[in-house]
2 protein chains.
Amino acid sequence: MGYGMREGLSERNKKILEAIIEDYIVTAEPVGSRAVTRRHGLTLSPATVRNVMADLEEMGFLTSPHTSAGRVPTDKAYRFYVDSLLAVGTIDKGERERIRKRYSLAGRDIGAVLHETSKLLSSVSHYMGIVLAPRFSSTIFRHFEFVKLSGRRILAILVARNGTVQNKLIESAEELSTDDLLRMSNYLNELLAGLPVSEVRAKILAEMQSEKVLYDTLLSRALKLSEQTIEDGGAQIFIEGQTNIFEQPEFTDVRRMKEVFRAFEEKSQLIHLLDRSLSAEGVQIFIGAETRLNQMEGLSVITSPYLSGKNTLGVLGVIGPTRMGYGKVIPIVDYTAKLVSRLLEEE
Amino acid sequence: MGYGMREGLSERNKKILEAIIEDYIVTAEPVGSRAVTRRHGLTLSPATVRNVMADLEEMGFLTSPHTSAGRVPTDKAYRFYVDSLLAVGTIDKGERERIRKRYSLAGRDIGAVLHETSKLLSSVSHYMGIVLAPRFSSTIFRHFEFVKLSGRRILAILVARNGTVQNKLIESAEELSTDDLLRMSNYLNELLAGLPVSEVRAKILAEMQSEKVLYDTLLSRALKLSEQTIEDGGAQIFIEGQTNIFEQPEFTDVRRMKEVFRAFEEKSQLIHLLDRSLSAEGVQIFIGAETRLNQMEGLSVITSPYLSGKNTLGVLGVIGPTRMGYGKVIPIVDYTAKLVSRLLEEE
DNA sequence: CGTTAGCACTCAGACAGGGTGAGTGCTAAC
DNA sequence: GTTAGCACTCACCCTGTCTGAGTGCTAACG
């Protein structure tokens, strides 16, 4: 047989595997030995290719849906392809221009930028675009404000330096005057200035113990209220272009479709997946089962974190079929992540 | 023929039409003459029923998909059914209890309540739940705040009396001190106190002309900035349970499904539809083409506005197949609308 | 005259059989 | 090691047949 050490593929075998994968990516149909010879002008006969294919199947790179169909790449094949075979293209200039232009409208609002990003990723890749927004707790505290709505109903507003806002309705034990609220705000603003939001809670709890506060009911009340306000609102996620998967032939089956949509209805799992790639550097690729989500069979995820300075803020990416145009999508995700990073840089 | 004046259906014909519709609602399959006699213990022979069915078809209440299938109700039939035949059930006590309980967790935050509502409508009806949130412009002004983020970047925050918040990032022409911003906020808060948000813009424009302002650059700047802030953020809409339509046999076809999901991806049309029923009183029903959305073929919408006092705030409802359990869903929508109204009452 | 039984007719859907073509694995020759 | 040749497999398509549900019409009935 034509391969040397275990799992080491000969050059020729790699070429053939690559041809099969790329053929399958465009046709979405099992690839036969004949098709492989036609494509990529391999000067081999179909019979030879068949021998190689049999080997590749044994090694777990290919399967055939039934005896007389061609071969289909497995997740393992895609993994190998992405790691060793794929020449990641560069994003072409026109495309880059188009992407950049889309942002000129979005303005500076971080939410708008991220929403636009997910739409953009979807429309450029023709798959689904996803963006995990920065956790509020990863921002820097900027401003606290209590607004009295009526009676004991108070709206607490928390502003971060990057312009994101979190607000919560709280019901205080007794009615407070506007003046009291103002003083409370001032106190908290001073106390918390410049702190990462993630540390705010600890700071508040610490302060509660301090002598100064123990004897000042107003301050202690302020702390109590603010403590109620701070709660990570949960990760926000933008998913766009879900209907694009209707175009993918492998999902024309209603059963599969159902599964996929169900998976996206419950976003928490997806968030979990994105969280995992939050700490990674650069583009990450999850193929099929590697996502560790069982409803994601047949789907791959390409992600990249985006940052501001050297702080990782969130993750963006594309979800598509495992049979995805990796060569094109990877640079898109990469470029977009860098662009978003730049846009959010100057806080 | 057995019917009197034009379009006036004899009692018997009504009974038969009703039987057909109700049969079709549960089976989702064309109803044959035989099936009609079996159900509802009509003491008629199939042959007689066939005659009646032929008449009903001619009148536009029924169609047959092909010669030897049974009959299927048309939109017109559902309309007639809903208007004249349907005995609207009452919502049973257990159900009511279950619904009420769901809200105990949601707290008072208006966004949370509405989101919960759409989920609830979906899960109780087994169709899709929709909620159109109140337009921000329909709220009462409560508080303005400028927060300086960095350099010339300012976050403008607008709080309404009901606790909703709108914020916008603006870039001022020149750098302003925190003090300046505070004075600007105070000025605006005084100026706009108690105004409906819809009138705020006009007020600002009017004030810009006043003498007092013309000679005070700070004030005029404040007005300019605030004017940039006020823009109706567009209607917000919650849609939940989209995957429920996978269960409906008439949508197992991938083509149909695609259409429906596409329709919901572009929400503006849906918003337009809900806007129309905003001014109506009580439960409204749109059957198929009555929605005036062509992708909504085969779907009906049941809506009801919810209010606070006598101010209409928004609309909520259910989207399901025309072949929907109207008798059950109508009271659910009605009850939920009343409940939500009560929850949002005490601002 | 409305109602009904009977009957011929229609048509979608299920089923079976034959043909086709793409593709395979094996073997023997190059 | 490579390739031509060949027998074989199997999904898919096409076709024809059968079945059953349902219809419309007509003639008889109370």
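Atom set for the values below is all heavy atoms of this structure, side chains included, hydrogens, waters and symmetry mates excluded. Naming convention: chains lettered A, B, ... in sequence-line order (proteins, then strands); numbering from 1 in each chain.
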Between Glu265(A) and Lys119(B), does any NZ, NE, NH1 or NH2 come within less than 4.0 Å of an OD or OE carboxylate oxygen? no
May I ask you to say whether Glu259(A) pairs ionically with Arg256(A), meaning some side-chain N is under 4.0 Å from a carboxylate O? yes
Using atom [atom1] of [X] as one end and atom [atom2] of [N] as the other, report the distance to the nearest whole Å.
{"X": "Leu62(B)", "N": "dT23(D)", "atom1": "CG", "atom2": "P", "answer": "10 Å"}
{"X": "Ile16(B)", "N": "dT3(C)", "atom1": "CD1", "atom2": "P", "answer": "9 Å"}
{"X": "His66(A)", "N": "dC12(D)", "atom1": "NE2", "atom2": "C1'", "answer": "9 Å"}
{"X": "Met53(A)", "N": "dT3(D)", "atom1": "CE", "atom2": "P", "answer": "15 Å"}
{"X": "Glu58(A)", "N": "dT24(C)", "atom1": "CD", "atom2": "P", "answer": "16 Å"}
{"X": "Asp55(B)", "N": "dC25(D)", "atom1": "CG", "atom2": "P", "answer": "12 Å"}
{"X": "Arg34(B)", "N": "dT4(C)", "atom1": "CZ", "atom2": "P", "answer": "14 Å"}
{"X": "Leu44(A)", "N": "dG1(D)", "atom1": "CG", "atom2": "C1'", "answer": "11 Å"}

Distance check, rounded to the nearest 0.5 Å: Thr291(B) atom OG1 versus Glu297(B) atom CD? 10.0 Å
For [X], report the nucleic acid contact type (base, sugar-phosphate, nothing); a contact means any heavy atom under 4.0 Å.
{"X": "Thr43(A)", "result": "sugar-phosphate"}
{"X": "Ala47(A)", "result": "base"}
{"X": "Thr48(B)", "result": "base"}

When you compare the side chain of Leu9(B) with that of Leu56(B), does any pair of heavy atoms fall below 4.5 Å? yes
Are the side chain of Thr336(A) and the backbone N or O of Ile332(A) linked by a donor-acceptor pair below 3.5 Å? yes
Each stem that DNA chain C is part of, given as range with range (3 or more consecutive Watson-Crick or G-U pairs, under 3.5 Å): C:1-30 with D:1-30
Side-chain donor/acceptor of Ser68(A) to base of dC10(D), under 3.5 Å: yes
Think Ser64(A) has a side-chain N or O under 4.0 angstrom from the OP1 or OP2 of dG23(C)? no
dC7(C) phosphate, OP1 or OP2: any side-chain N/O from Arg50(B) under 4.0 angstrom? no
Of all the choices, dT9(D), dG25(C), dA5(C), which nucleotide is nearest to the side chain of Arg71(A) once you look at every atom? dG25(C)
Just say parallel, tilted or perpendicular for the rings of Phe261(B) and Phe246(A), cut-offs at 30° and 60°. tilted
Sorted by chain and number, sequence neighbours left out, side chain to side chain contact (heavy atoms under 4.5 Å, CB included) with Ser84(A) holds for Phe80(A)
